[in-house]
Amino acid sequence: VKRIGSLALLLAILVLLPLFAPGSWVLVLSKVLIAALFALAFNLLSGQAGMLSFGHAAYYAVGAFATLHLMLAAEHGWKVATPLLPAAGALAGLVVGALCGVFATLRSGVYFSMITLAIAELFYSLAPNLSGAFGGEAGLSSMRMPWLALDFSSDAQVYYLILAWSVGATAGLYFFTLTPFGRLTLALRENEQRVRFLGYDTYRTKIVIFTLSAMVAGLAGGLLAVAEESANYVLFETDASASVVLYAFVGGAGVFLGPALGALLLTVLSYAVSDVTTMLPFYQGVVFILVMVFAPSGIGGVIASHGAPVRGGWWPRLIAPYLFSLIPAAALTFSLIVAIELLQRFFSLAYADQLIAGGAYPPVQFAGRAWYPFSAVTWLAPIGSAVLGIALLRPSIRFVCRAWDPEAL
Amino acid sequence: MLEFVVISTLNGLIFGMLLFMVSSGLTLVFGMMGIVNFAHASFYMLGAYFGYAITKHFGFWWGLVVGPLAVALIGVAIERFLLRPVARFGHAHQILVTFGSVFIIRELVMLFFGRFSVPYQIPQSLHFSLFSIFGTAYPFYRLLMGGVSIVMFGLLFALLRWTRTGIVVRAAVHLPEMAEALGHNVPLVFTLVFGVGAWLAGVAGALGGAFFTTAPNLGLELGVIVFVIVVVGGLGSLPGAFIASLLIGLINSFSVGFDVSLADAAALIGLGSWAQAIGGLMILKLSSVAGSMPIVIMLIVLLLRPAGLMGERS
């Protein structure tokens, strides 16, 4: 009952949010929903069935292009209800996913990852050459047609369309995990051989799971096509496949809504800082590696693990160590950001243009301060805080560990 | 026609040897640690960029020697400080960490060297032809790449076959637990092999980068080709990686030169005009999709022989 209550609250927030969000953020929220659905689809395959796909962008992009083709057809007089357009993406994801799944699931483990990556790369290299299907290098673009009383010209209307589809698909994915077949998916991750000995056809099971995951990814792509009204072959890029891996594992692959949380945090972050830095993919990669090394169950997993202290009432003793570990965390973050941003500016082409042969090196602007390349302050700031952070890292980890388990150490 | 065949064969074999320098490290590491290092092709890219940076200040040969050593150090650091701490969370986590490293390495390379390719070129002193066949001069540098690859392969083989360390490495590849139980420092051997693999990829990068392009996307583009090689050859098998490298090298150099399409093939059985009418995939020229050919080959091999040419059944 408590769970249903919190889900209803979450849903209410999602419904009411556009009313309070500033104009341009409604579109960002739509993107968050799409990314979250994509991440959940990916997690069905990678988190629940344990098959790491590094090429999920292929099905996402195929879904987007299929929906765009349907939108173009609607422009030319086909009678298609606009809210049903993303279904074309789901269908395309299903068909292409089934086809690719037959190949990819022939092998498991790391082979599977390499094959999915290679298949996505095949799409990426072929797409610009196939102007009929993918619009060549320019891509395809279309317009949303009005339907009944709705003209889908405002961001809010599109947001509610996307919200309806993604909530429906998420509920579907959740109830799938409760079915016997969904339980089989988890069993496949834990011990494939044993599932086979129990008499299940694991190869076919894997194809079905792969296809389902590709179908939902295609649906997410279809929603993207409706939101953007255009798509080009860049959607097939490995970076898109990588970002969904990032969402799922930063958010936590072991918790059902973890990937959606990861998608929310990383998408909002990318919109928030896109004007400030060009090094965003680098920071995302660093966050990903740090989560992998220090919190392998992801942010969602970390939150879930705090259920026990909260229920047991001993959470207050975690506060002091957490506050203490903020010091090294802040010091290291500061050091990394300053060092990377300064290096980026000193090595940029714009800086090289400013150099006059034989002249002095000019300073660069960062965080409202002029930094000279050969002044001691410039490099003492990041190095000093890095030293401080590293020195305090181990004590703070030990402090946190002792608070969690006083018997240990 | 004969000219095309001979030159394409030579080019393909030499490109294949270069690919083998990259794929051999990948397959050795897989055999030992059970993980595929997705950042392995990034070591090739780092080799090329280090080679370029050092060449600019000290000369080509310094770049060829020092660059790969720096790459080896980075490889050792990644194994020691990233892969070993996450080993207890399982192979999937290690693979994810290497996958993340691909993007971090690419971003760092773009930070220092810019988003576009750099003008890393072979030195003027090596810019001559050794012999000419069919009236075209054959560049000496290609033969140098092939020669270095063969020397490297010989060294690797001799090391693995005839030295004590080599015996321990081979033992650790097959049965890591048993080798450890016999008192060998297997984690050290892991780090060593990881470093040597990175070094080999770095040598290939410092050599090949000067001849082919050196761009930040290399880690991904070459990576896919190398993964195809190990899937086709069978992971963990050096002979398999060798055969598959040469095969992919040859396919690559031959498909660039063929202006045929699926529609032309269909014409042979009298369906030419039908295929032309379909368009799309059917009328794509082989030469324009040469980059995708290795992936198609991989899909075919997967259907016919899922374990790869020399791989053990999984």
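Residue numbers start from 1 in every chain, and the chains themselves are labelled A, B, ... in the order their sequence lines are given, proteins ahead of strands. For clarity, every value in this text was computed on a predicted model and none was experimentally measured.
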> What part of B:V86 lies closer than 4.5 angstrom to a heavy atom of chain A: side chain, backbone, both or neither?
Replying inline: side chain

> How about A:R196: does its CZ atom have over 12 heavy atoms from other parts shown lying under 6.0 Å from it?
Replying inline: yes

> Using the benzene-type ring in the case of Trp, are the ring centres of B:F38 and A:F54 under 6.0 Å apart?
Replying inline: yes

> B:R84 versus chain A, heavy atoms under 4.5 Å apart: side chain, backbone, both or neither?
Replying inline: neither

> Which bit of A:I115 comes within less than 4.5 Å of chain B, counting heavy atoms only: side chain, backbone, both or neither?
Replying inline: both

> Which answer fits B:F30, side chain, backbone, both or neither, if we ask what part of it has an atom under 4.5 Å from a heavy atom of chain A?
Replying inline: side chain

> What residue, out of A:A118, A:G285, A:S348, has the most heavy-atom pairs lying under 4.5 Å from chain B?
Replying inline: A:A118

> Taking side chain as C-beta onward, heavy atoms only, is A:L122 less than 4.5 Å from B:L299?
Replying inline: yes

> Using non-hydrogen atoms only, which part of B:I295 is less than 4.5 Å away from chain A: side chain, backbone, both, or neither?
Replying inline: side chain

> After noting the C-alpha distance and the side-chain angles of B:V36 and A:M114, does the key distance pass the side-chain contact (heavy atoms from CB on, under 4.5 Å) rule?
Replying inline: CA-CA 9 Å; B:V36 160; A:M114 289 192 291; 4.0 Å; yes

> Which atoms of A:V293 come close to chain B, meaning under 4.5 Å heavy atom to heavy atom: side chain ones, backbone ones, both, or neither?
Replying inline: both

> Rounded to the nearest 0.5 Å, how far does CD of A:E237 lie from CG of B:L220?
Replying inline: 8.5 Å

> So among A:F346, A:F347, A:F282, which one has a ring-ring contact (aromatic ring centres under 6.0 Å, His included) with B:F112?
Replying inline: A:F347

> Counting heavy-atom pairs under 4.5 Å to chain B, which of A:L343, A:L246, A:D239 comes out on top?
Replying inline: A:D239

>> Is the shortest side-chain heavy-atom distance between B:L111 and A:T278 below 4.5 Å?
In response: no

>> Does any part of the side chain of A:L52, heavy atoms only, come nearer than 4.5 Å to the side chain of B:F99, both counted from C-beta?
In response: no

> Which bit of B:V224 comes within less than 4.5 Å of chain A, counting heavy atoms only: side chain, backbone, both or neither?
Replying inline: side chain

>> Working to the nearest 0.5 angstrom, can you tell me the gap between B:E107 CD and A:Q344 CD?
In response: 10.5 Å

>> Within the structure provided, determine whether A:F288 and B:L96 are in side-chain contact (heavy-atom separation under 4.5 Å).
In response: yes

> Would you say B:S101 and A:I289 make side-chain contact, with heavy atoms under 4.5 Å?
Replying inline: yes

> Hey, does the side chain of B:H93 reach the backbone of A:P296 with a donor-acceptor pair shorter than 3.5 angstrom?
Replying inline: yes

> Roughly how far apart are B:E221 CD and A:E121 CD, rounded to 0.5 Å?
Replying inline: 7.0 Å

> Between CD1 of B:I104 and CD of A:Q284, what distance do you get to the nearest 0.5 Å?
Replying inline: 11.0 Å

